[in-house]
Structure formats: C-alpha cells, structure tokens
Amino acid sequence: QVQLVESGGGLVQAGGSLRLSCAASGRTVSTYIMGWFRQVPGKEREFVARIFGIGGTTSYGDSAKGRFTISRDNAKNTVYLQMSSLKPEDTAVYYCAASQLGGTSPSSYYSWGQGTQVTVSS
C-alpha cells in the first residue's frame with residue numbers, strides 16, 4: 001500500500017499562488033490514479049483534481065478548472081497541485097489520495113495523506 005504525505009499549504013492572499021506536494025512511499029504513483037480533494041468543516045470532501053497513472057490524463061472539479069494544475073514527477077514519486085488565482089473560498093484542508101478505480105468520489109480512493117491547510121485571505 002502507498003503512504004502519502006502532503007506539504008506546501010499555508011496562508012496566502014487572494015489572487016496568489018501555492019503549490020502543494022504529495023510525496024508517496026511504498027509504491028510508485030505512476031501505478032495509481034492520484035487525486036486531490038479538499039474539505040472544510042461541516043462539508044463533504046470535495047474532488048479537486050486527478051491524474052491517471054497510465055498516460056497522465058488529468059481532470060478537474062468545477063472549482064479548479066482554469067486555475068489549478070495537477071502534475072506528477074515519477075522520478076520523485078510525487079504529485080503536485082499548482083494553485084493560482086486563489087480565492088477565499090479555496091480555504092480548506094487539502095488531501096491527496098490514491099486509487100485504482102479513479103472516480104471523483106472520495107469512496108473511490110483508499111490511501112489518504114494527513115492533509116495540509118490552505119488559507120486564503122481576502
């Protein structure tokens with residue numbers, strides 16, 4: 001099973017950028033579909049982006065389209081989420097996860113990191 005550790009969160013002003021990293025160990029990320037999700041207290045975990053292991057195809061949730069980019073560095077066994085034009089409503093804990101099914105529901109993913117907090121001030 002793959003172990004995941006997120007980093008890169010923090011406080012940023014609206015309009016700014018952050019890059020989140022998800023370092024994997026135990027298995028290579030290229031063998032999984034890797035996803036990013038986010039969650040705020042009292043709400044369900046929301047799909048942000050995913051990248052497929054074979055071919056590297058990507059897809060995004062509506063809130064991320066045009067502003068976020070998911071990528072993968074196989075040599076570093078790390079997945080990234082580059083976030084730009086950040087808005088206060090992007091404030092959440094961001095999680096990366098691994099799946100062999102590849103859906104957009106959190107239930108499709110079976111390995112999760114501990115999360116990293118992103119706070120966007122207005």
Side-chain angles (χ1 to χ4, degrees):
Q1 189 164 340
V2 63
Q3 290 79 45
L4 305 171
V5 177
E6 303 96 334
S7 61
L11 174 64
V12 63
Q13 287 189 331
S17 299
L18 275 178
R19 188 178 78 160
L20 306 182
S21 300
C22 173
S25 60
R27 299 285 295 270
T28 57
V29 294
S30 60
T31 63
Y32 293 94
I33 299 145
M34 299 297 297
W36 283 98
F37 290 79
R38 67 187 186 185
Q39 189 169 26
V40 297
K43 293 191 175 182
E44 294 184 353
R45 199 161 288 191
E46 176 190 5
F47 169 73
V48 176
R50 62 182 173 175
I51 183 166
F52 285 78
I54 298 174
T57 302
T58 60
S59 68
Y60 298 89
D62 288 342
S63 62
K65 287 177 182 176
R67 299 188 300 126
F68 295 1
T69 303
I70 188 171
S71 62
R72 185 181 69 218
D73 185 331
N74 291 338
K76 295 183 178 180
N77 213 27
T78 299
V79 177
Y80 302 98
L81 184 69
Q82 178 68 48
M83 306 186 294
S84 345
S85 301
L86 283 162
K87 307 173 183 178
E89 51 264 44
D90 293 319
T91 296
V93 177
Y94 284 71
Y95 298 89
C96 72
S99 171
Q100 291 179 324
L101 299 176
T104 58
S105 167
S107 62
S108 299
Y109 294 76
Y110 67 89
S111 276
W112 292 84
Q114 82 290 350
T116 185
Q117 176 71 47
V118 171
T119 303
V120 184
S121 62
S122 56

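No hydrogens, no waters, no symmetry mates; every other heavy atom, side chains included, goes into these values. Quick caveat, the model's predicted, so the values are computed rather than measured.
Taking hydrophobic clusters as Ile, Leu, Val, Met, Phe, Trp and Tyr residues chained together by side-chain heavy-atom distances below 4.5 Å, V12 shares a cluster with V48. Residues Y94 and L18 share a hydrophobic cluster, clusters being chains of Ile/Leu/Val/Met/Phe/Trp/Tyr side chains in contact below 4.5 Å. Connection of L86 to L20 is established within a shared hydrophobic cluster, with ILVMFWY side chains joined at heavy-atom distances below 4.5 Å, either directly or through further cluster members.
Going from atom OG of S105 over to atom CD of E44 covers 9.0 Å, rounded to the nearest 0.5 Å. Distance check: S21 OG to L81 CG gives 9.5 Å after rounding to the nearest 0.5 Å. Atom CD1 of I70 and atom CE of M83 lie 12.0 Å apart (nearest 0.5 Å).
Taking the side chain as every heavy atom from C-beta outward, L4 and M34 approach each other to under 4.5 Å. Considering only heavy atoms from C-beta on, R38 stays 4.5 Å or farther from V93 through its side chain. Residues W36 and V79 form a side-chain contact, since some pair of their non-hydrogen atoms from C-beta on lies under 4.5 Å apart.
Through direct or relayed side-chain contacts under 4.5 Å between Ile, Leu, Val, Met, Phe, Trp and Tyr, L11 connects to no other residue.
With sequence neighbours left out, the salt bridge (Lys or Arg N to Asp or Glu O under 4.0 Å) criterion links R27 to no other residue. When the side-chain hydrogen bond (donor to acceptor under 3.5 Å, both in side chains) test is applied to Y95, no partner is found at least two apart in sequence or on another chain. In this view, Q3 satisfies the side-chain hydrogen bond (donor to acceptor under 3.5 Å, both in side chains) rule with no residue, not counting sequence neighbours. Residues passing the side-chain hydrogen bond (donor to acceptor under 3.5 Å, both in side chains) test with D73: none are found, sequence neighbours excluded. Annotation: side-chain hydrogen bond (donor to acceptor under 3.5 Å, both in side chains) contacts of S59 (sequence neighbours excluded): R50. Shown here are the side-chain contact (heavy atoms from CB on, under 4.5 Å) partners of K65, two or more places apart in sequence or in another chain: Y60, D62.
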For residues 108-122, which side-chain donor-acceptor pairs fall under 3.5 Å, sequence neighbours excluded?
residue : atom : partner : partner atom : Å
Y109    : OH   : G103    : O            : 2.8
Y110    : OH   : Y32     : OH           : 3.1
S111    : OG   : Q1      : NE2          : 3.1
S111    : OG   : V2      : O            : 3.2
W112    : NE1  : Y109    : O            : 3.3
Q114    : NE2  : E6      : O            : 3.2
T116    : OG1  : G9      : N            : 3.1
Q117    : NE2  : A92     : O            : 3.4
Q117    : NE2  : T119    : OG1          : 3.4

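Sorted by first and then second residue, the pairs that involve residues 40-59 and meet ring pair (Phe, Tyr, Trp, His ring centres under 6.0 Å), not counting sequence neighbours, are F37-F47. Counting only residues at least two apart or on different chains, no side-chain hydrogen bond (donor to acceptor under 3.5 Å, both in side chains) pair has a member in residues 77-88. Identified under the disulfide bond (SG atoms under 2.5 Å apart) test for residues 46-78, with sequence neighbours left out: none. Residue pairs that meet the salt bridge (Lys or Arg N to Asp or Glu O under 4.0 Å) test with at least one member in residues 113-122, sequence neighbours left out, do not exist here.
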